[in-house]
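Below, each value reflects all heavy atoms present in this structure, side chains not excepted, and no hydrogens, waters or symmetry copies. As the structure is a prediction and not an experimental result, all values here were calculated from the model.
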Number of protein chains: 2
Amino acid sequence: MSVFTPVSDAELSAWLQQYELGELSSLQGILAGIDNSNFFVTTSGANAGKYANQSRFVLTLFENLKAEQLPYNLELMEHLANAGLPVPAPIRNRDNIYLGTLNGKPASLVTRMKGDWSDSPSVARCAAVGDMLAKMHVSGQGYSKQRENTHGNSWRIRTAIAVSRFLTDAELGLMETEVALQATFDRSHLPVGAIHADLFRDNVLFEGEAIGGVIDFYFACTDTLMYDVAITVNDWCMGSDYQFDMAKYDAFLRAYQAVRTFTKEEVEAWDMMLRAAALRFWLSRLYDYFLPRPAELNQPKDPRHFHRILSRLVQGTPAIPTC
Amino acid sequence: MSVFTPVSDAELSAWLQQYELGELSSLQGILAGIDNSNFFVTTSGANAGKYANQSRFVLTLFENLKAEQLPYNLELMEHLANAGLPVPAPIRNRDNIYLGTLNGKPASLVTRMKGDWSDSPSVARCAAVGDMLAKMHVSGQGYSKQRENTHGNSWRIRTAIAVSRFLTDAELGLMETEVALQATFDRSHLPVGAIHADLFRDNVLFEGEAIGGVIDFYFACTDTLMYDVAITVNDWCMGSDYQFDMAKYDAFLRAYQAVRTFTKEEVEAWDMMLRAAALRFWLSRLYDYFLPRPAELNQPKDPRHFHRILSRLVQGTPAIPTC
């Protein structure tokens with residue numbers, strides 16, 4: 001599980017006095033997630049005011065992100081929620097502040113989204129995610145804060161050098177080629193904006209075929225929009241044979257483009273973006289697997305999953321469907 | 001030794017019939033050099049024509065470079081020689097062609113330079129090299145051919161990933177940081193031109209304190225001029241304690257700037273260029289040491305030399321003397 005920093009009922013009750021959310025009803029640690037300590041929090045609810053109808057929240061204690069990095073992410077969530085998208089909104093306390101400190105960690109309370117995630121999404125759900133990602137990208141164009149991707153080119157290079165000793169010769173050859181290719185690939189002509197950067201299946205909650213919530217914005221940053229599409233497609237539209245499920249692939253990309261049409265340059269860069277996305281998670285999983293942090297309690301994910309995806313992608317990429 | 005492809009007197013005599021250089025007098029393999037097969041060639045001399053006064057040449061059989069890469073290098077040598085600099089000039093045959101084939105390898109004959117190299121250059125010799133490098137850079141501004149550096153960013157990344165398994169933890173940390181830093185360092189504002197890229201002590205021949213010849217242009221390419229200065233200073237001005245010999249350092253940089261003044265941006269980038277130069281040779285020596293080619297006959301050079309230089313450089317760089 002992944003509650004690195006425990007929180008007691010008494011500690012949280014005292015902390016909640018800063019908010020107009022009523023009294024603490026229940027507190028429960030969340031097992032999912034690998035980077036922060038997360039809790040479901042229920043309160044008796046506010047008598048009045050902005051949060052009068054809300055009683056279900058998620059409390060996050062940030063274990064690795066520093067407080068100065070968080071305004072980008074939390075204000076993006078607020079920006080998207082204000083635009084009507086199903087994104088957790090940070091709760092502001094009596095002093096209008098959305099980020100505090102609890103048990104020595106930066107801590108924030110956000111609205112809890114409805115629904116559940118599923119490991120085997122339908123074609124319709126893939127289309128819904130394509131539609132939602134495009135809406136987030138369009139809405140994000142109005143978000144003015146900037147944050148560099150902490151998992152960009154420099155991170156790729158450092159991580160590849162750190163983990164290469166654990167690779168087979170064949171993996172090493174692929175790693176050398178791909179990291180060097182991505183380092184010299186010119187993305188400057190591709191549209192940039194606020195990206196989620198981690199929109200895997202466990203970060204979208206569904207109620208039936210409708211999206212109840214998009215969660216976990218803590219890798220969000222300013223980067224190439226098409227790279228975010230690639231990260232998402234590599235997860236949602238991937239078949240068990242490490243080839244794209246073409247029904248899901250087409251449905252996702254059509255739904256996205258019904259909201260935001262890709263530029264000619266984005267279409268041309270698509271294969272490199274898919275490869276960059278596979279490389280990023282191959283690298284982070286290699287790192288977590290072979291060089292885990294001392295406090296890491298989660299079972300690391302198998303790095304070979306993204307090695308296999310990348311190996312397929314370098315052989316070619318299906319065309320983007322035209323709308 | 002490093003004659004990979006043998007050449008007999010009979011083979012060379014036949015080949016020389018294409019040239020107006022008289023008959024072969026002597027042929028002798030050269031032991032120095034790690035990338036090509038080199039020979040001293042003496043002929044009876046031409047009776048007349050462009051090469052009437054010349055009888056001493058160097059024959060090179062190119063073992064790794066492909067024929068299509070060579071025009072950049074050989075025509076640069078011709079360009080610099082025509083500008084009056086002591087650089088080997090490629091000899092053109094009766095058909096005005098300077099690059100042929102001998103024993104299956106691209107082959108070229110160039111004028112042989114006078115003098116000898118020394119492992120312990122005086123301050124005066126360092127100044128002479130600074131002056132000469134600046135003159136080559138200025139003259140090279142008039143050379144229009146372009147060739148990408150084969151040992152640039154992409155090569156650095158691939159090589160670092162390939163060799164990292166052979167590094168200690170401390171070396172690995174330095175490697176990660178430096179390769180990533182160089183990959184994201186913006187050089188676009190620094191002057192670019194034809195650079196020698198390998199102007200080590202064994203590539204400058206002296207007659208007394210005067211330069212008799214600058215040789216071995218086979219790494220020459222189009223790249224940042226200040227990077228070439230850094231490669232050269234890291235070799236010529238380095239003390240035995242891996243710190244700069246300040247008398248040589250100042251003499252070199254003053255002599256260079258008497259010919260071409262550094263821009264403000266070049267001065268600001270100087271420490272990063274010195275580090276890039278040390279990193280490049282640390283990487284190539286690591287590669288040659290741990291992953292030698294099957295045909296490699298030379299004793300590989302100790303990679304730790306440039307690891308030590310780089311370790312010093314990251315602690316700080318002496319200021320460039322003002323003129």
How about [atom1] on [X], more than 12 heavy atoms from neighbouring residues, nucleotides or ligands closer than 6.0 Å, or not?
X	atom1	answer
A:Y289	OH	no
A:E148	CD	no
B:R165	CZ	yes
A:Y287	OH	no

Pairwise distance [atom1]([X]) to [atom2]([Y]) - rounded to 0.5 angstrom:
X	Y	atom1	atom2	value
A:R156	B:I157	CZ	CD1	9.0 Å
B:S164	A:L167	OG	CG	8.5 Å
A:L181	B:R158	CG	CZ	9.0 Å

Checklist line | Side chain / backbone / both / neither for B:I161 at chain A, heavy atoms under 4.5 Å | finding: both
